[in-house]
Amino acid sequence: MTGHTTCAVVGGGPAGMVLGLLLARAGVEVTVLEKHGDFLRDFRGDTVHPSTLLLLDELGLGERFAELPQSRLYEAAFPTEGGGRVVVADFRRLRTTHPYIAMVPQWDLLNLLAAAGRAEPRFHLRMDTEVTDLVGESGRVTGVRYRHPDGTTGELRADLVVGCDGRWSVVRRRAGLRPREYPVPMDAWWLRLPRARDEQAGALMPGMSRGHFAAVIPREDYFQIAYLAAKGLDARLRAEGVEAFRERIRTVLPRLADRVGEIRSMDDVKHLDVRLNLLPRWHVNGALCIGDAAHAMSPIGGVGINLAVQDAVATARLLAGPLLRGRVTSADLARVRRRRLLPTVLVQAIQRLMHRALVRPTIDGRRAGPPRAAAVVTRRVPAIRSVTAHLIGIGFRPERAPAFARRPGRTPVGA
């Protein structure tokens with residue numbers, strides 16, 4: 001089975017769904033291909049930053065988003081070795097409509113974007129459609145090959161293919177694009193623990209002890225925990241068994257020690273192979289990679305979704321015109337990378353610094369809190385909390401919704 005679309009977006013994550021919605025509102029025929037049958041997958045990035053919240057307002061989706069179940073983070077802090085805490089980012093200091101990070105299950109955000117997309121006549125979402133290869137003619141990518149769960153296959157021809165399919169991107173691999181990999185000291189293991197509604201509300205504060213590091217994200221009725229340990233340790237942790245893993249959590253998060261029994265087996269612990277990389281070139285003729293497909297981010301700071309969404313907005317703004325004219329050149333695609341490269345490089349540089357100065361010394365057993373000098377400076381110069389809040393919540397180059405995609409007030413979105 002063969003069809004045609006102006007733009008084929010591979011991957012129905014935040015970047016893919018935002019890009020599909022914006023292009024459809026520009027009048028571009030766009031098809032988003034998502035390999036899963038729904039968006040219900042656990043331990044995906046669930047942080048929605050102030051700049052993304054403003055984007056949702058500009059798209060007319062802010063009120064609908066506010067109705068979703070969510071918790072809000074107003075500050076980020078680190079524990080100190082003496083049992084205290086130091087606030088490193090205070091989002092309440094931001095001069096923005098939404099001075100906080102919203103924690104929303106990613107599937108709820110994606111369902112909201114899908115519903116908004118279906119209200120656009122040129123938006124098409126194909127679930128259960130796994131892209132397996134690219135189609136090419138005369139040195140140009142001209143579409144994708146896909147497969148359904150029942151084994152049936154097909155082709156979709158497109159004037160442009162955009163890979164929004166994550167750190168293991170098929171589009172990137174089939175296009176022959178190879179990222180530069182940066183060394184990463186750790187992997188992450190995700191799990192849930194119960195939480196009372198009034199427990200640690202409004203703050204993001206990790207647990208740190210010598211040899212252990214854990215991020216604690218308060219959700220409406222549970223804590224989402226990311227336990228960080230040395231890269232390549234997954235097989236050993238699983239061989240040690242669930243009781244040994246529970247003891248690791250007791251050590252790094254003693255305030256949650258009474259509930260580690262909720263970790264029934266190591267099947268409740270999901271491993272994330274942390275990557276930090278960057279494509280030197282984001283495109284080939286007829287295909288472009290953005291988001292994690294172009295630059296996998298560390299979970300430090302939770303900024304991966306924010307960057308991916310901003311990539312999508314910039315891509316829509318820069319490429320809607322060429323797509324409507326029927327000809328997207330390599331020069332057009334290169335403009336996306338030029339627009340988004342600097343904020344990507346700067347964020348990755350900060351993440352690499354955090355790996356060296358904070359994460360590695362902690363998991364190596366050399367530190368149980370932030371560097372003392374950094375803690376002292378942060379306490380004595382409160383304005384620093386505004387700077388870090390801006391870097392995390394807004395970013396280096398926030399993208400605003402293009403005029404063609406903006407809608408006032410509540411946008412009617414159908415299921």
N/O donor-acceptor pair under 3.5 Å between R281 side chain and H283 backbone: yes

Stepwise side-chain contact (heavy atoms from CB on, under 4.5 Å) test for I225 and V216: CA-CA 5 Å; I225 311 293; V216 182; 4.0 Å; yes

Sidechain-backbone polar pair: S386 side chain, P382 backbone, donor-acceptor under 3.5 Å: no

Carboxylate-amine/guanidinium proximity below 4.0 Å for R145 and D133: yes

Any donor-acceptor N/O pair, Q351 side chain to I300 backbone, under 3.5 Å: yes

Side chains of D332 and T329, donor plus acceptor under 3.5 Å: yes

Side-chain touch H295/L307, heavy atoms, less than 4.5 angstrom: yes

Heavy-atom side-chain proximity of L233 to D187 below 4.5 angstrom: no

Salt-bridge criterion met for R340 and E399 (N-O under 4.0 Å): yes

Test side-chain contact (heavy atoms from CB on, under 4.5 Å) applied to R400 and R406, step by step: CA-CA 10 Å; R400 303 295 295 272; R406 296 190 178 212; 3.7 Å; yes

From R250 atom CZ to S209 atom OG, the distance as rounded to the nearest 0.5 Å: 13.5 Å

Heavy-atom side-chain proximity of M297 to V347 below 4.5 angstrom: yes

Side-chain (N111) to main-chain (W107) donor-acceptor, under 3.5 angstrom: yes

Side chain to side chain, L391 and L346, heavy atoms closer than 4.5 Å: no

Test item: side-chain donor near acceptor, S51 and N306, under 3.5 Å: yes

Closest non-hydrogen atom pair, V303 against I392: CG1-O, 4.0 Å

side-chain contact (heavy atoms from CB on, under 4.5 Å) partner of V135, chosen from V161, T142, V144: T142

Heavy-atom side-chain contact between L21 and L59 under 4.5 Å: yes

Rounded distance [0.5 Å steps], CG in L256 versus CD1 in I249: 9.0 Å

Inter-residue atom distance K270.NZ - W190.CH2, 0.5 Å rounding: 14.0 Å

Side chain R259, main chain P194, donor-acceptor under 3.5 Å: yes

R352 to Y182 six-membered ring, cation-pi geometry met (6.0 Å, 45°): yes

D165 (side chain) donor-acceptor with V171 (main chain) under 3.5 angstrom: yes

Cationic tip of R25 above F404 ring, under 6.0 Å, 45° of axis: no

Flag if over 12 foreign heavy atoms under 6.0 Å of CZ, R140: yes

Within-4.5 Å side-chain heavy-atom neighbours: T52 and I305: no

Test log, rule salt bridge (charged side-chain N to carboxylate O under 4.0 Å, His left out), inputs E120 and R118: CA-CA 5 Å; E120 304 296 328; R118 293 188 184 104; over 6 Å; no

Smallest separation among heavy atoms of I394 and P50, with atom names: CD1-CB, 3.8 Å

Exercise: identify the closest heavy-atom pair between F39 and A114: CE1-CB, 4.2 Å

Electrostatic pair E67:R64 at N-O distance under 4.0 angstrom: yes

Criterion side-chain contact (heavy atoms from CB on, under 4.5 Å) on H212 and I363, from CA distance to verdict: CA-CA 5 Å; H212 304 279; I363 64 177; over 6 Å; no

Over all atoms of both residues, closest heavy-atom pair of V269 and R238: O-NH2, 2.8 Å

Where R360 and P185 come nearest, the two heavy atoms and their spacing: NH2-CB, 3.3 Å

Exercise: identify the closest heavy-atom pair between T47 and M103: CG2-SD, 3.5 Å

Flag, side chain of H148 to backbone of D128, donor-acceptor distance under 3.5 Å: yes

pair H124-V30: side-chain heavy atoms closer than 4.5 Å: no

Partner of R335 under side-chain contact (heavy atoms from CB on, under 4.5 Å), chosen from T315, L319, L318: L318

N277 side chain vs A296 backbone, donor-acceptor pair below 3.5 Å: yes

Contacts of F245 that satisfy ring pair (Phe, Tyr, Trp, His ring centres under 6.0 Å) - sequence neighbours left out: Y227

Pair E75 + R93, salt bridge at N-O below 4.0 Å: no

Worked check of side chain to side chain donor-acceptor pair (under 3.5 Å) between H355 and S298: CA-CA 9 Å; H355 291 171; S298 165; 2.9 Å; yes

Straight-line distance of L73 CG to F91 CZ, nearest 0.5 Å: 7.5 Å

Atom pair CG (L191) and CG (D267), whose distance is rounded to the nearest 0.5 Å: 13.0 Å

R246 and E262 ion-paired at < 4.0 Å: no

Which residues share a ring pair (Phe, Tyr, Trp, His ring centres under 6.0 Å) with H98, sequence neighbours left out: Y100

Expected output: side-chain K231 to main-chain V274 donor-acceptor under 3.5 Å: yes

CA sep, side-chain torsions, deciding dist, call: D292, S169, side-chain contact (heavy atoms from CB on, under 4.5 Å): CA-CA 8 Å; D292 274 4; S169 171; over 6 Å; no

From CG (L288) to CG (L177), nearest 0.5 Å: 9.5 Å

Main-chain N/O of G12 paired to E34 side chain as donor or acceptor, under 3.5 Å: yes

Non-hydrogen side-chain atoms of I101 and V48 separated by less than 4.5 Å: no

